[in-house]
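Encoded as structure tokens, the structure appears first; notes follow it.
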Amino acid sequence: MTHPADPEALESLVGFWLDTGMIDAREAQALGRMGQQPAPKAPSPRAPRGNKPPPPRLRGRNPVAEARQLAEAAASLESLKKAIESFDGCELRRGARNTVVCDGAYDADIMLIGEGPGGEEDAKGLPFVGRSGRLQDKILASIGVRRTQNLFISNLVYWRPPGNRDPDPEELAICAPFVQRMIELKAPKLILPSGRFSAHSLLGVTDGIMRLRGRKMTYSHEGLAAPIPCVPLLHPAYLLRRPADKAKAWADMQTIAKLCDELGVKRDAPL
Ligand code: URA
């Protein structure tokens with residue numbers, strides 16, 4: 001057992017347990033405190049929030065219905081992006097510097113969906129531009145997938161959760177109509193959920209990411225013309241903590257490259 005006096009080793013171990021589904025977010029948080037890490041100020045992502053009264057600003061409003069109405073009214077990705085930027089029904093927005101909607105090629109066949117913006121993304125207003133985003137770019141470029149050419153990137157929520165905690169169920173529910181509409185308008189041939197949290201939210205499964213990664217699955221929601229092929233990836237933040245597992249990420253890239261060829265998905269020559 002790692003000694004709690006070694007916070008880096010403990011953090012890495014806890015991250016591994018979390019990503020493999022051996023422990024849940026609450027247990028990870030408790031273990032994090034053992035390692036003297038700052039306790040997240042926000043409530044546990046699994047804490048039930050059903051009875052929480054809405055903040056005064058949202059009293060009498062139904063932010064999910066508002067989001068749905070705005071999302072349905074958007075007829076293009078550009079207008080959906082503007083609608084999200086104008087939406088003030090998600091409390092996460094109050095602590096964020098920027099709204100982080102999407103990046104990459106609007107006509108790409110591949111859509112990658114992460115969890116939510118981190119610090120650098122919040123500062124720059126773009127998804128996956130921090131250390132983990134740069135690693136993800138490199139891994140995908142190994143099979144000729146690049147955001148400048150053939151990749152479209154977004155997240156489950158558009159504002160940075162405080163302390164980089166996971167988004168809670170209410171925040172996810174409020175952003176979900178936008179995520180769904182973005183997938184409808186984008187109509188990708190392949191979806192790549194980045195990390196356990198995104199895979200669980202998009203696919204409605206609960207298996208650990210080590211069972212899901214590299215697996216050919218399908219994404220679907222009511223109203224979508226046809227299910228979309230989907231392959232969950234290890235999150236790059238996890239790979240930064242566990243560099244030894246990069247080999248698994250490279251193996252997953254080979255699966256994705258093959259699938260792209262089968263599906264007629266556009267990609268460039270590999271690096
Ligand atoms: N992690 C994510 O899941 N999304 C980002 O945009 C950045 C880091």
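Each ligand, and each atom within it, is numbered from 1 in the order the structure gives. When reading the values below, keep in mind they use all heavy atoms of this one structure, side chains included, and skip hydrogens, waters and symmetry mates.
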query: Does the side chain of S194 come under 3.5 Å of the side chain of E115 through a donor N or O and an acceptor N or O?
result: no

May I ask you to check whether R146 and N150 show a side-chain donor-acceptor distance below 3.5 Å?
-> no

Which ligand 1 atoms, with their elements, are less than 4.0 angstrom from a heavy-atom of [X]?
X    : result
P127 : 6 (O)
N155 : 2 (C), 3 (O), 4 (N), 5 (C), 6 (O)
G114 : 3 (O)
E115 : 2 (C), 3 (O)

(message) I'd like to know if the side chain of S79 reaches the main chain of S76, judged simply by a donor and an acceptor atom lying under 3.5 Å from each other, with no hydrogens or angles considered.
(response) yes

Any carboxylate oxygen within less than 4.0 angstrom of a Lys/Arg side-chain nitrogen, looking at E120 and K124?
yes

- [ ] For the pair E72 and R68, find out whether any cationic side-chain nitrogen is under 4.0 Å from an anionic carboxylate oxygen.
- [x] no

For the ring pair Y158 and F87, is the centre-to-centre distance below 6.0 Å?
no

Short version for E121: what comes under 4.0 Å of ligand 1, heavy atoms counted, is side chain

When distances are taken from atom 8 (C) of ligand 1, the protein heavy atom at minimum range is F128 CE2, 3.7 Å

Nearest non-hydrogen protein atom to atom 5 (C) of ligand 1, with distance, is G116 O, 3.4 Å

Note to self: Would K186 pass as a cation-pi partner of F152, given that its NZ or CZ must be under 6.0 Å from the six-membered ring centre and within 45 degrees of the axis?
What the structure shows: yes

Measuring from the heavy atoms of S194, does anything fall under 4.0 Å of ligand 1? no

Note to self: When you compare ligand 1 with P117, is there at least one nitrogen or oxygen pair between them that comes in under 3.5 angstrom?
What the structure shows: no

* Do any nitrogen or oxygen atoms of H235 come within less than 3.5 Å of a nitrogen or oxygen of ligand 1? -> yes

